[in-house]
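What follows is a short report on a single structure.
Per chain, numbering begins at 1; letters A, B, ... match sequence-line order.
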There are 2 protein chains.
Amino acid sequence: MNIGQASRATGVSTKMIRYYESVGLIRPADRTDSNYRDFGERDVHELQFIRRARDLGFSVAEIGHLLSLWRDRDRPSREVKAIAQKHVADLDARIAEMKAMADALRTLAKCCAGDDRPDCPILVDLSTRQTGALKSNVRIAR
Amino acid sequence: MNIGQASRATGVSTKMIRYYESVGLIRPADRTDSNYRDFGERDVHELQFIRRARDLGFSVAEIGHLLSLWRDRDRPSREVKAIAQKHVADLDARIAEMKAMADALRTLAKCCAGDDRPDCPILVDLSTRQTGALKSNVRIAR
DNA sequence: ATGGGCCTTCCAGTCATGGGAAGGTCAAGC
DNA sequence: GCTTGACCTTCCCATGACTGGAAGGCCCAT
């Protein structure tokens, strides 16, 4: 299976497959005589694993950890659960932060006429409100 | 007011102030004889505006738009409201996506013993579930 | 005049990903 | 056998919104 076929089989772009290999998330694929990457069933399975973990919002680093646990048939489920729970907590924190933003903005927008007149509570708020304590060290990123 | 004082007055890092200037979000600051940036009251006010807009999760591009509307005393509030509402919709979309991830993962974690044994429904799910349709073109980023 | 705390510019890295160039390979049709 | 077009390879660059750091200039107090 060449990289294009592996990509179609897993929904991971060829670019990403090469990237995952370059950062050591997957082991270097076998090569054909003509230097094409050659993926076996196991590789495809790992790529599917990665794809689903990405769908759940895990970072590449977390996926690396999950993959190593997955490869180890004797891993304690405690470790996996801990990673998952930490990720859930991260997600919840980011969700809360974004919800606070959305709610604040919704309230302002509701008070804005949204017509031809220039008066706008949204701009008034942006130009006068005290800087909110809406800050965190948690990145709002996938 | 030099850049450090402006930074302390607004909560925007000096790095960011220079960055905002470089991308044209704020106009180039005046300079002293010794080439130090010199910020006036109006500049500080704009930086505060930017800071609060960032707190609400607006992108730099959106802030640029909001700033130009803010500077124009005759702008129709309709335009401001439209930007705000689009941003709220973006936030809501990302929130929904992240909530789906968190909920899925919470369910799995609940079924995971989290002990010394290797059996783990989380890994089973990652390695066998059909790839979810959990995708979007909306970036999950601040 | 020396020290340390500012300031300046410039360059590089982050994270996951996409875009594209330049060149090699393969399979099908002629 | 040759061309064509679809693949593959590596490499570099760009994104967004930053942060970090180096090298050098400036300012003020001692």
Side-chain angles (χ1 to χ4, degrees), chain A residues 1-26 28-39 47 50-65 87 90 94 97-98 101 134-142, chain B residues 1-26 28-39 47 50-65 87 90 94 97-98 101 134-142:
Chain A
M1 220 180 202
N2 67 28
I3 202 172
Q5 297 167 317
S7 171
R8 265 162 264 137
T10 60
V12 179
S13 73
T14 59
K15 285 277 188 193
M16 278 299 97
I17 295 175
R18 293 192 194 100
Y19 170 72
Y20 292 149
E21 185 185 285
S22 79
V23 297
L25 190 57
I26 53 180
D30 291 344
R31 298 291 179 135
T32 64
D33 289 349
S34 55
N35 201 32
Y36 282 18
R37 284 180 183 77
D38 189 19
F39 297 87
L47 285 171
I50 291 170
R51 167 77 149 96
R52 295 190 275 249
R54 292 292 298 142
D55 281 348
L56 287 173
F58 286 102
S59 70
V60 166
E62 288 167 328
I63 295 174
H65 199 166
H87 184 53
D90 284 354
R94 297 186 229 166
E97 198 171 344
M98 292 171 64
M101 293 177 186
L134 243 181
K135 54 141 154 277
S136 77
N137 37 9
V138 180
R139 286 263 53 203
I140 308 271
R142 192 191 268 276
Chain B
M1 218 178 203
N2 66 28
I3 201 172
Q5 297 167 318
S7 171
R8 264 161 265 138
T10 61
V12 180
S13 74
T14 59
K15 285 278 188 190
M16 277 299 95
I17 295 175
R18 292 192 194 98
Y19 171 72
Y20 291 149
E21 185 184 285
S22 79
V23 298
L25 190 57
I26 52 180
D30 291 343
R31 297 292 180 134
T32 65
D33 289 349
S34 56
N35 201 32
Y36 282 18
R37 284 179 182 77
D38 189 19
F39 297 87
L47 285 171
I50 291 169
R51 166 80 149 95
R52 295 189 275 251
R54 292 292 298 139
D55 281 349
L56 287 173
F58 285 102
S59 70
V60 166
E62 288 166 327
I63 295 173
H65 199 167
H87 184 52
D90 285 354
R94 298 186 231 165
E97 198 172 342
M98 291 171 64
M101 292 177 187
L134 243 182
K135 51 136 154 284
S136 77
N137 38 8
V138 180
R139 286 263 53 204
I140 307 271
R142 191 190 268 275

Measure from the side-chain heavy atoms of B:Arg31 and tell me the nearest of C:dT17, D:dT10, C:dT8.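 Closest nucleotide to the B:Arg31 side chain: C:dT8.
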
Not counting sequence neighbours, which residues clear side chain to side chain donor-acceptor pair (under 3.5 Å) with B:Thr32? List them please.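 Checked B:Thr32 against side chain to side chain donor-acceptor pair (under 3.5 Å); matches are B:Ser34.
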
Whole angstrom value for the distance that separates [atom2] of [N] from [atom1] of [X]:
{"X": "B:Met1", "N": "C:dC6", "atom1": "CE", "atom2": "P", "result": "15 Å"}
{"X": "A:Arg54", "N": "C:dC15", "atom1": "CZ", "atom2": "P", "result": "12 Å"}
{"X": "A:Ile50", "N": "C:dC15", "atom1": "CD1", "atom2": "C1'", "result": "16 Å"}
{"X": "A:Asp55", "N": "C:dT17", "atom1": "CG", "atom2": "C1'", "result": "15 Å"}

Residues within residues 16-26 of chain A bordering DNA chain D, heavy-atom distance below 4.0 Å: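 Per residue number, the list reads A:Arg18.
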
By a strict heavy-atom criterion of less than 4.0 Å, which residues belonging to residues 2-9 of chain B are in contact with DNA chain D?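 Close to the strand, none.
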
Determine to 10° how strongly the helix from C:dA1-D:dT30 to C:dC30-D:dG1 is bent, judged from the axes of its five-pair ends.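 Computed angle between terminal axes is 30°.
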
Rounded to the nearest 0.5 Å, what separation is found between the [atom1] atom of [X] and the [atom2] atom of [Y]?
{"X": "B:Arg51", "Y": "B:Leu56", "atom1": "CZ", "atom2": "CG", "value": "11.0 Å"}
{"X": "A:Leu25", "Y": "A:Ile63", "atom1": "CG", "atom2": "CD1", "value": "6.5 Å"}
{"X": "B:Ile50", "Y": "B:Met16", "atom1": "CD1", "atom2": "CE", "value": "11.0 Å"}
{"X": "B:Arg52", "Y": "B:Leu47", "atom1": "CZ", "atom2": "CG", "value": "10.5 Å"}

Are OP1 or OP2 of C:dT8 and a side-chain N or O of B:Arg37 less than 4.0 angstrom apart?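 Yes, because at least one side-chain N or O of B:Arg37 sits under 4.0 Å from OP1 or OP2 of C:dT8.
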
Where is the tightest heavy-atom contact between [X] and [Y], given as atom of each residue plus distance?
{"X": "A:Arg54", "Y": "A:Val60", "result": "NH1-N, 4.3 Å"}
{"X": "B:Ser7", "Y": "B:Ser13", "result": "OG-CA, 3.6 Å"}
{"X": "A:Ile17", "Y": "A:Phe39", "result": "CG2-CZ, 3.6 Å"}
{"X": "A:Tyr20", "Y": "A:Val12", "result": "CE1-CG1, 3.8 Å"}
{"X": "B:Asp90", "Y": "B:Glu62", "result": "OD2-OE2, 4.4 Å"}
{"X": "B:Ile3", "Y": "B:Thr14", "result": "CD1-O, 3.7 Å"}

For B:Ala9, all residues meeting side chain to side chain contact (heavy atoms under 4.5 Å, CB included), sequence neighbours excluded: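 Here the qualifying residues are B:Met1, B:Val44.
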
Filter on salt bridge (Lys or Arg N to Asp or Glu O under 4.0 Å), then keep only pairs touching residues 29-39 of chain B, sequence neighbours left out; what's left?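 Those involving residues 29-39 of chain B are B:Glu21-B:Arg31, B:Glu21-B:Arg37.
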
Quick one, give me the B/S/- string for nucleotides 21-26 of chain C, reading 5' to 3', where B means a protein heavy atom under 4.0 Å from the base and S means that only happens at the primed atoms, P, OP1 or OP2. ---BBS

How is B:Thr14 classified with respect to the nucleic acid when contacts are heavy atoms under 4.0 Å: base, sugar-phosphate, or nothing?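 Nothing, no heavy atom under 4.0 Å.
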
